[in-house]
Amino acid sequence: MSAALLYPVPTPQWVLTYAGVNITSGVSTMVRAITYTDYLSALSGSIHLEFEDDALRWQNSWFPTIGDPVSLMLGYCGAPMLDCGAFQVDDLSLTGPPDIFHLRCLSAYVTPAMRTRLSAAYESLTLLDIATIVAGRYGLTVVSAPGVEVIQFARVTQNRETDLDFLHRLAADYGYEFTVRGG
C-alpha cells in the first residue's frame, strides 16, 4: 500500500464575503491566489486576493470601492475554518496580460480614531481592565491571554499616545502582544 493512500493531502477550502454577500462560488474559478497575513503587533492584518479577469468583470460591473467590507475564512475540507476577520478594501490594481486584478484589504477595525493621540490616567486597574476600557471605546471586546488580569497598576498614564501605541507599549513592557482583529 502506498503512503499516499494512508495520508491523503488535505483539500484547501475558503469562504470569501464581500459587502455581506458570500461570493465564494461566483469567484472560485477566477481566484489565482489568496494571501492572509496576521501580525502579532504594530501592523494591521491584511488579505491579498488575485483574480484572473479575462472576462473584465472586476474592471466593470464588479469594480470594488475603497472601504468596502470583506471577510475571509480559511481551512481544509472536513476541518474547522479559521475566521481571518473583517477587512476593508484598501488598494486595487491590475496587471497583465493576462488581466490579473489585485485586491488588497486591511483589518477593518483599525480606524483613524484609534490613531488619534490622547492623554488619560488609569488608576487601580489591571492590564486587562485597561485593555477592556480602550477596546470599549470602539465597540470591541478583549480576548486575553492567561495571567493578564494579575498585572495591577497603581497608576499608568497615556500621555499624547494613540490608543494603539499605548496598548502596544503596555503589552510590550509586560511581555505580551496584542492585535486588533474582527470584533
Checklist entry - Is a side-chain N or O of Ser46 found less than 3.5 angstrom from the main chain of Leu106, in a donor-acceptor match? => result no
Item to check | Linked, directly or transitively: Phe51 and Ile100 (ILVMFWY side chains, under 4.5 Å) | outcome: no
Checklist entry - To the nearest 0.5 Å, how far apart are CZ in Arg104 and CG in Leu49? => result 12.0 Å
Item to check | Nearest heavy atoms of Met73 and Asp83, plus distance in Å | outcome: CG-CA, 4.0 Å
Checklist entry - Could you give the distance from CG (Asp38) to OG (Ser107), rounded to the nearest 0.5 Å? => result 7.0 Å
Next on the checklist: Leu92 vs Leu103, test: side-chain contact (heavy atoms from CB on, under 4.5 Å). Steps then yes/no.
Outcome noted: CA-CA 5 Å; Leu92 312 166; Leu103 185 63; 3.1 Å; yes
Item to check | For the student: nearest non-hydrogen atoms of Cys77 and Pro12, plus distance | outcome: SG-O, 4.4 Å
Next on the checklist: For Arg169, is the CZ atom crowded, meaning more than 12 foreign heavy atoms sit under 6.0 Å from it?
Outcome noted: yes
Item to check | Euclidean distance, Leu167 CG relative to Tyr176 OH, rounded to 0.5 Å | outcome: 14.0 Å
Item to check | Over all atoms of both residues, closest heavy-atom pair of Trp62 and Gly26 | outcome: CH2-O, 3.9 Å
Checklist entry - Does any non-hydrogen side-chain atom of Tyr122 lie less than 4.5 Å from one of Phe166? => result yes
Next on the checklist: Just verifying a value: how many Å separate Trp14 CH2 and Leu72 CG, rounded to the nearest 0.5 Å?
Outcome noted: 8.5 Å
Item to check | Same apolar cluster: Ile133 and Val143, side chain cutoff 4.5 Å | outcome: no
Item to check | Any donor-acceptor N/O pair, Ser71 side chain to Ala86 backbone, under 3.5 Å | outcome: no
Checklist entry - When you check the side-chain N and O atoms of Thr157 and Asn159, is any donor under 3.5 Å from an acceptor? => result no
Checklist entry - Taking atom types as modelled and ignoring hydrogens, do the side chains of Asp165 and Gln158 form a donor-acceptor contact shorter than 3.5 angstrom? => result no
Next on the checklist: Using 30° and 60° as the class boundaries, would you call the ring planes of Trp58 and Tyr18 parallel, tilted or perpendicular?
Outcome noted: perpendicular
Checklist entry - Considering only heavy atoms from C-beta outward, does the side chain of Ile34 approach that of Ile47 to under 4.5 Å? => result no
Checklist entry - Can you check side-chain contact (heavy atoms from CB on, under 4.5 Å) on Leu170 and Glu161, steps first, answer last? => result CA-CA 12 Å; Leu170 285 181; Glu161 293 174 280; over 6 Å; no
Checklist entry - In terms of the angle between their ring planes, are His102 and His48 parallel, tilted or perpendicular, with boundaries placed at 30° and 60°? => result parallel
Checklist outcome for this item: In short, Ile66 meets Asp91 closest at the heavy-atom pair CD1-N, 4.0 Å
Next on the checklist: Can you classify the ring geometry of Phe101 versus Phe63 as parallel (below 30°), tilted (30 to 60°) or perpendicular (above 60°)?
Outcome noted: perpendicular
Item to check | Beyond-backbone contact of Leu74 with Cys84, side-chain heavy atoms, under 4.5 angstrom | outcome: yes
Checklist entry - What distance do Phe153 atom CZ and Ile130 atom CD1 have between them, rounded to the nearest 0.5 Å? => result 5.0 Å
Checklist entry - For Thr65 and Val89, which heavy atoms make the closest approach, and how far apart are they? => result O-CB, 3.5 Å
Next on the checklist: Side chains of Thr17 and Ile23, heavy atoms from C-beta outward: is any pair under 4.5 Å?
Outcome noted: no
Checklist entry - Is it the case that Thr126 and Asp129 place a side-chain donor and acceptor less than 3.5 Å from each other? => result yes
Next on the checklist: Check for me, please, whether Val31 and Leu94 land in the same ILVMFWY cluster - side-chain distances under 4.5 Å, paths through other members count.
Outcome noted: yes
Next on the checklist: If I compare all heavy atoms of Val70 with all of Cys105, which pair ends up nearest, and what's the gap?
Outcome noted: CG2-SG, 3.9 Å
Item to check | Same cluster (ILVMFWY, side-chain, under 4.5 Å), Val21 and Met30 | outcome: yes
Item to check | Atom pair CD (Glu52) and CG (Asp99), whose distance is rounded to the nearest 0.5 Å | outcome: 9.5 Å
